[in-house]
Structure formats: structure tokens, C-alpha cells
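Structure first, then comments.
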Amino acid sequence: MQYTRLGNSGLIVSRLAFGVMTFGHDQGPLGAVWKTGQEEANALVQRSLDAGINFFDTADGYAGGQSELMLGKALGARRKDVILSTKIGFRTGTPLTQTGASMRHIVNSAEECLKRLGTDYVDLLSIHRYDAYTSFEESARALDQLVSRGLVRYVGFSNFSAWQAAKFLGIQNARGYAPLVAAQMYYSLVGRDLEHEVVPFCQDAGIGIVVWSPLASGFLSGRYTKQDPTGGKGRLAEFDILHIDKEKGYDLIGKLRDMASRATVAQIALAWLLAKPYVSTILLGASKLTQLEDNLGAANVVLTAKEVAELDAFTAPTPLYPNWFQTFASDATVRDALEATKK
């Protein structure tokens, strides 16, 4: 297992982590995600620990809190040995107050998370989504109070835009509050939007990126094809929230298969993420030991610089304004153009 710091913090995390969104049971579309019982959860957590994983992530919104309960039970006495991360902000009940990032909801949610997880503190608490109805100052103050009380060690965000996270961090720095150290964000070979603004911001601010859905809900496992777009009725057949250009994705799968002489398609997709220095850790998600075993193999796959460059070029996101203009108008570009006119 590989280990690194979470951003500029002193927290050491395994580069492969385990996300337990699959723990629990539910009806409807989310039944395709929340489908793991306690016995299976125990086995998955134990295998993760055996592999050297020390970072486990959940959220109070997963399966109505079942995910946190099951993770706490599965860790048991090993809780003290791991980095425990959870998230708050999605609706946890029908009353209007049971959602968002208000002082009330953040504090109440964190206290309830601790009860379900069976612990006195969590190592990382992140706001799960942007709340348009609560000021960042209020949310930042709530997180800081949890740190001051010893209930939380570090704080982070998930699914914020770069400007939102930058404003939030600016308030924390100005007030002397505990700062953001982690950004839990979607990132994969078929979803590279993060590179436009969030990655540069995190690099500048020293914030570690925690990747969720690194295989794009299983699409990059190679299970889904033009001939069988449902993957034999896999998760994406019922729960498909990611914006994926499926046609380009199928072409990418073909390329990954061509590169897969020494690894599986999924392992290469994960190894590409591990090659990115700004990625601190990658959340593996699995409901079966066979899935987890395959994903763990990515720790032993090191892509060459040429292979990384090929995948970078093959999946390059469309440049956005003003990013492309700033590149075009950089002093180096203009200098090179002037030099070219002299020849």
C-alpha cells in the first residue's frame, strides 16, 4: 500500500481508501447502491485493513444512517487504527431543519454521526453539498466549534465549486477557524471537469483531493459495452447520475483493454488516478470481495509516463474560457510566437 499526506495536513492516509456507500439496504433506484449486509460489510472492512487501507469514508445520508452504523460495527476495536471520515448536509428527515449546513444541522448531525459510528470523534468531517441558504461564515463557525470540542479533528468539503471552496477557506483563515484540508470530489478518466478549476485551487491551497467514484459507478470496470449498455443490469442500469459521454467511454474501454496485458481495465483506470500527485486518496467502493480484490490490485500497477500521457490525451476535457485564453495569452506563448516571426 502507498501512503501520503492529506494535502498539507499532517494526516497520513493510504492512497487507496474504502468508501462504504454500499452498506445498508433501500428500495427504489438507490437499492442498486445500498445492498450490502453486515456480514459482507465485516468481510470487506477486514480485507481493506489487511491490505493496508487506513482511510474509511461514509456519510449520514447513506441508507438512512445504516452505513455509519455498519461501518462502526465492522471496525470495532480497530477504529483507533484508522482515519474515519464522514459527511453531513443531505436531508436526514422530513422536518425543514434536518438538511443543509446551518449551525444547528451541522452540530446535531455530527453528534448523531458519532453515536452511529460508536466513536468519540471522527478524523475528518466534510460538508457533503453546497447549501445556498446558509452563509459560509455560519457553516465555518460550526465546523470550528466541533474541532474545538474535540469531536472532529479535520474538516473538508465535498462537491463544492472552486469559488465556493475558496470563499469558505478565506473566511476560515480570516477568522482563525480550523481550515479545509480535504476535498472529496468526483474524478475519473471519463469525468475530468475537476481539472478546470478545483484541481488548481486545491494545489494552491494545499488541500488534498479525495476521489469518489473513481470508476464512474463501475463504468470503467469494463462491464458496460455498446452491446450491453446495462452491464448485465449493473448499478448504472438503475442509478445513473454521472454525466458520461458513453460513446467516447466505450472507445476508452477499448483502449484500456489494449493496455490491460498486465492489469485489469479497472486497475489501469485507478492507476491513472494514482499517477496524479494532487490526488491524496481514492475511495474504492465495493459490495463484493471479488470487486475489492480487483481494485486493490491497482496499488501494484505503475503506469509509465508514456501511458499516462496517452490516457491524458485520449480523455482530455474540452478547454474552458478563460482558461484557454490565459494559456494562449501567456508570456511564454507570446514570446515563442515573436521568436517564430524572426526566423
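- Other residues, nucleotides and ligands contribute over 12 non-hydrogen atoms within 6.0 Å of the CG atom of Asp258.
- Note: Tyr278 and Tyr187 have tilted aromatic rings, judged against thresholds of 30 and 60 degrees for the angle between ring planes.
- Judged by distance alone, with hydrogens and angles left aside, the side-chain atoms of Arg129 form a donor-acceptor pair with the main-chain N or O of Gly89 at under 3.5 Å.
- With respect to the salt-bridge test (charged N to carboxylate O, under 4.0 angstrom), the residues Asp294 and Lys288 do not qualify.
- Using a 4.0 Å cut-off between charged nitrogen and carboxylate oxygen, Arg141 and Glu138 do not count as a salt-bridge pair.
- Salt-bridge formation is detected for the pair Glu111/Arg149: a Lys NZ or Arg NE/NH1/NH2 atom is positioned less than 4.0 Å from an Asp or Glu carboxylate oxygen.
- Screening Glu39, Gln38, Glu40, Gln46 against Asn42 for a side chain to side chain donor-acceptor pair (under 3.5 Å) leaves a single residue, Gln38.
- Among residues two or more places apart in sequence or in another chain, the side chain to side chain contact (heavy atoms under 4.5 Å, CB included) test is passed with Thr92 by Asp60, Gln98, His105.
- Phe325 CZ: 12 or fewer foreign heavy atoms inside a 6.0 Å radius.
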Query - Derivation of the side chain to side chain donor-acceptor pair (under 3.5 Å) call for Glu137 and Tyr177 - result: CA-CA 10 Å; Glu137 201 288 333; Tyr177 295 156; 2.8 Å; yes
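- A donor-acceptor contact closer than 3.5 angstrom is absent between the side chains of Tyr121 and Thr119.
- Between Asp123 and Arg79, at least one side-chain N (NZ, or NE/NH1/NH2) sits under 4.0 Å from a carboxylate O, which counts as a salt bridge.
- A salt bridge is defined here as a Lys NZ or Arg NE, NH1 or NH2 lying under 4.0 Å from an Asp or Glu carboxylate O, and Arg78 with Asp81 meets this definition.
- Ion pair Arg175/Asp144 not flagged as a salt bridge, since none of the NZ, NE, NH1 or NH2 atoms sits closer than 4.0 Å to an Asp/Glu carboxylate oxygen.
- Open room surrounds NZ on Lys167; 12 or fewer heavy atoms of other groups in view lie less than 6.0 Å from it.
- When every heavy atom of Ile106 is checked against every heavy atom of Ala101, the shortest pair comes out as CD1-O, 3.4 Å.
- The shortest heavy-atom contact between Leu117 and Glu68 is CD2-O, 3.4 Å.
- Electrostatic pairing of Glu307 and Arg262 counts as a salt bridge here, judged by a charged N lying under 4.0 Å from a carboxylate O.
- Side-chain contact between Thr315 and Val190 is absent, with no heavy-atom pair separated by less than 4.5 Å.
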